[in-house]
Amino acid sequence: MPTLTRMKRLLIDTLAAKTFEMVFGFDGSFATPDDGGAGRPAKTITPTVTVLDDTALLLEGNLGAEFSYDEEFREVYVQIKESDGTFTPVGRYVIRPFLKENSNQMNVQVLIEVV
């Protein structure tokens with residue numbers, strides 16, 4: 001029997017109640033299911049979390065014009081802060097290289113689905 005929609009919604013609501021962090025990094029090596037962190041992290045932000053429906057969350061992170069780096073970002077790492085202060089990895093995503101300067105901003109969206 002497939003997982004019921006109510007169970008998926010419970011998982012989504014549980015995740016949405018957590019504090020997420022987005023870590024932007026310079027590494028960009030191949031992402032695997034066992035990644036433990038961002039390679040050469042540069043900036044950590046707290047993204048906006050939106051429940052889209054019973055099976056999906058949207059995380060949106062923004063680096064505004066006040067941030068500037070000399071090297072290209074190549075990855076985004078997402079983690080959840082637990083009540084004891086530790087972090088649980090959620091995902092690591094290799095992105096197209098992007099040079100973040102004061103003349104531009106960087107908006108990243110990550111969709112998390114419970115299937």
Side-chain angles (χ1 to χ4, degrees):
M1 179 165 102
T3 303
L4 299 176
T5 302
R6 289 182 185 156
M7 177 62 160
K8 292 176 185 178
R9 181 57 189 240
L10 176 63
L11 292 170
I12 288 294
D13 288 341
T14 300
L15 286 172
K18 300 280 189 178
T19 299
F20 282 86
E21 286 189 342
M22 252 183 207
V23 182
F24 296 89
F26 299 126
D27 184 42
S29 61
F30 186 74
T32 71
D34 298 317
D35 277 328
R40 299 189 308 135
K43 180 69 179 165
T44 300
I45 64 168
T46 301
T48 302
V49 179
T50 305
V51 175
L52 296 179
D53 59 27
D54 290 336
T55 62
L57 277 181
L58 179 65
L59 307 177
E60 295 180 282
N62 180 300
L63 289 179
E66 67 273 20
F67 301 104
S68 180
Y69 299 88
D70 294 332
E71 193 172 347
E72 293 178 327
F73 285 115
R74 296 176 184 272
E75 66 184 5
V76 177
Y77 180 74
V78 178
Q79 56 190 3
I80 296 173
K81 187 174 186 179
E82 300 294 346
S83 58
D84 65 359
T86 61
F87 290 93
T88 299
V90 174
R92 181 174 163 263
Y93 311 95
V94 176
I95 60 174
R96 184 183 62 177
F98 182 85
L99 185 60
K100 175 63 191 82
E101 299 173 319
N102 290 68
S103 62
N104 59 20
Q105 65 179 4
M106 184 175 185
N107 297 307
V108 174
Q109 295 179 325
V110 174
L111 180 66
I112 298 176
E113 293 183 286
V114 175
V115 291

Legend entry - Spacing of L4 atom CG and L10 atom CG [to the nearest 0.5 Å]: 11.5 Å
Legend entry - Student check: side-chain heavy atoms of M106 and F24 closer than 4.5 Å: yes
Inset, instruction - With the side chain counted from C-beta on, respond yes when L52 and L111 share a heavy-atom pair under 4.5 Å apart, and no when they do not. - result: yes
Inset, instruction - Treating Ile, Leu, Val, Met, Phe, Trp and Tyr as nodes and any side-chain heavy-atom pair under 4.5 angstrom as an edge, say whether I80 and V78 lie in one connected cluster. - result: yes
Legend entry - Gap between atom CG of L99 and atom OG of S68 - 0.5 Å precision: 7.0 Å
Inset, instruction - Side-chain contact test, heavy atoms from C-beta onward, threshold under 4.5 Å: evaluate it for F98 versus E72 and give yes or no. - result: no
Legend entry - Note, L57 side chain near K18 side chain (heavy atom, < 4.5 Å): no
Legend entry - side-chain contact (heavy atoms from CB on, under 4.5 Å) partners for T46, two or more places apart: none
Inset, instruction - Locate the shortest heavy-atom distance separating F26 from E71; write the atom from each residue and the value. - result: CE2-O, 3.5 Å
Legend entry - Student check: side-chain heavy atoms of R9 and V51 closer than 4.5 Å: yes
Inset, instruction - Any chance you could measure L63, atom CG, to N107, atom CG, to the nearest 0.5 Å? - result: 8.5 Å
Inset, instruction - List the atom of Q105, the atom of A65, and the distance in Å for their closest heavy-atom pair. - result: CB-N, 4.5 Å
Legend entry - Which atom of Q109 lies closest to which atom of E60, heavy atoms considered: NE2-OE2, 2.8 Å
Inset, instruction - Determine whether more than 12 heavy atoms belonging to other residues, nucleotides or ligands lie under 6.0 Å from atom CG of N102. - result: yes
Inset, instruction - Report yes or no: do T44 and E21 form a side-chain donor-acceptor pair below 3.5 Å? - result: no
Inset, instruction - Return the minimal non-hydrogen interatomic distance between E75 and I95, and the atom names on each side. - result: N-CG1, 3.7 Å
Inset, instruction - Determine the minimum heavy-atom distance between V115 and K8, stating which atoms define it. - result: C-CE, 3.9 Å
Inset, instruction - Give a yes or no on whether V49 and F87 share a hydrophobic cluster (residues Ile, Leu, Val, Met, Phe, Trp, Tyr; joining criterion: side-chain heavy atoms under 4.5 Å apart). - result: no
Inset, instruction - Anything under 30° is parallel, anything over 60° is perpendicular, the rest tilted; go ahead and classify Y69 against F73. - result: perpendicular
Legend entry - Shared hydrophobic cluster for Y93 and M22 (ILVMFWY, side-chain gaps under 4.5 Å): yes
Legend entry - Where F20 and P47 come nearest, the two heavy atoms and their spacing: O-CD, 3.3 Å
Legend entry - Co-membership, hydrophobic cluster, residues L58 and V23, 4.5 Å side-chain: no
